[in-house]
Amino acid sequence: MVEVHVQTLVVSTAPAPCVLVLQPLLEKPTETDDHVSSRIIPIWVGVAEATQLGVALENAKFARPMTHDLMLDALTNLDTRVDHVLISDVRGSMFFARLILRHHDRLIELDARPSDAISLALRQNAPLYVEDSVLDRASYPFVYRKRADRTTEFEEFKSFVQTLEPEDFEQ
């Protein structure tokens, strides 16, 4: 199992799907001089599911409880909490998740859609995990450029600005 975090959530309008992007938490990115490389796992979700994930990510509160908040309230009143979520399998583009609940010393495992399980876990700050085999089959390389040291660039610009004369703006 590999612990992951939500790297980003891309929300679009129907009929285009939204995408939840997970990234290994402790994966050491490979680095070269100009870029860093890691892996990501995109999970396509519907607009309604993305909305619930967005609410959880933003820790938004509403006057009346949303469905996931109601579920967590019921669990809390039953002295149970989300222990963790495990993305356990992927078949084609369909992901499968297990929502693991803790009731005292007992773990209860439920089959769940990843979007629902992650929405609940985010609301309780519970960890997210992906099976190694899912990471191997469903991840993609993620490469981003490293931010360059811009000190020299800023110094050159500062020098340029300091040497400007009003005549430089005449045509």
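If you read the sequence from its start, that first residue is 1, and numbering goes on from there. Source: prediction; values computed, not measured.
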Okay, side chain of R123, backbone of S119: is any donor-acceptor separation there less than 3.5 Å?
-> yes
Contacts of Q124 meeting side-chain contact (heavy atoms from CB on, under 4.5 Å) (sequence neighbours excluded), chain-then-number -> L72, T76, R81, V82
Sorted by chain and residue number, the salt bridge (charged side-chain N to carboxylate O under 4.0 Å, His left out) partners of R113 (sequence neighbours excluded) come out as E49, D116
- prompt: In chain order, what residues pass the salt bridge (charged side-chain N to carboxylate O under 4.0 Å, His left out) check against D79, with sequence neighbours excluded?
  reply: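 Applying salt bridge (charged side-chain N to carboxylate O under 4.0 Å, His left out) to D79 gives none.
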Rounded to the nearest 0.5 Å, how far apart are [atom1] of [X] and [atom2] of [Y]?
X: L101; Y: H84; atom1: CG; atom2: NE2; answer: 10.0 Å
X: M1; Y: L128; atom1: CE; atom2: CG; answer: 11.5 Å
X: L120; Y: S115; atom1: CG; atom2: OG; answer: 9.5 Å
X: L22; Y: F95; atom1: CG; atom2: CZ; answer: 8.0 Å

Please tabulate, for side-chain N and O atoms in residues 53-65, each donor-acceptor pair with protein atoms closer than 3.5 Å (sequence neighbours left out).
| residue | atom | partner | partner atom | Å |
| --- | --- | --- | --- | --- |
| N59 | OD1 | K61 | NZ | 3.4 |

Side-chain contact, heavy-atom cut-off 4.5 Å: [X] with [Y]?
X: I87; Y: I118; value: yes
X: R39; Y: L135; value: yes
X: C18; Y: V10; value: no
X: V21; Y: L9; value: no

Side chain to side chain donor-acceptor pair (under 3.5 Å) pairs touching residues 132-141, sequence neighbours excluded, are D89-R137
Give the cluster check for [X] versus [Y]: same hydrophobic cluster or not, with ILVMFWY residues linked at side-chain heavy-atom distances below 4.5 Å.
X: V85; Y: L75; answer: yes
X: Y129; Y: V4; answer: no
X: V47; Y: I43; answer: no

Members sharing F96's hydrophobic cluster, built from side-chain contacts under 4.5 Å between Ile, Leu, Val, Met, Phe, Trp and Tyr, are M94
Can you see whether S38 engages Q23 through a side-chain donor-acceptor pair at a distance of less than 3.5 angstrom?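 On atom types as modelled, these side chains qualify, holding a pair under 3.5 Å.
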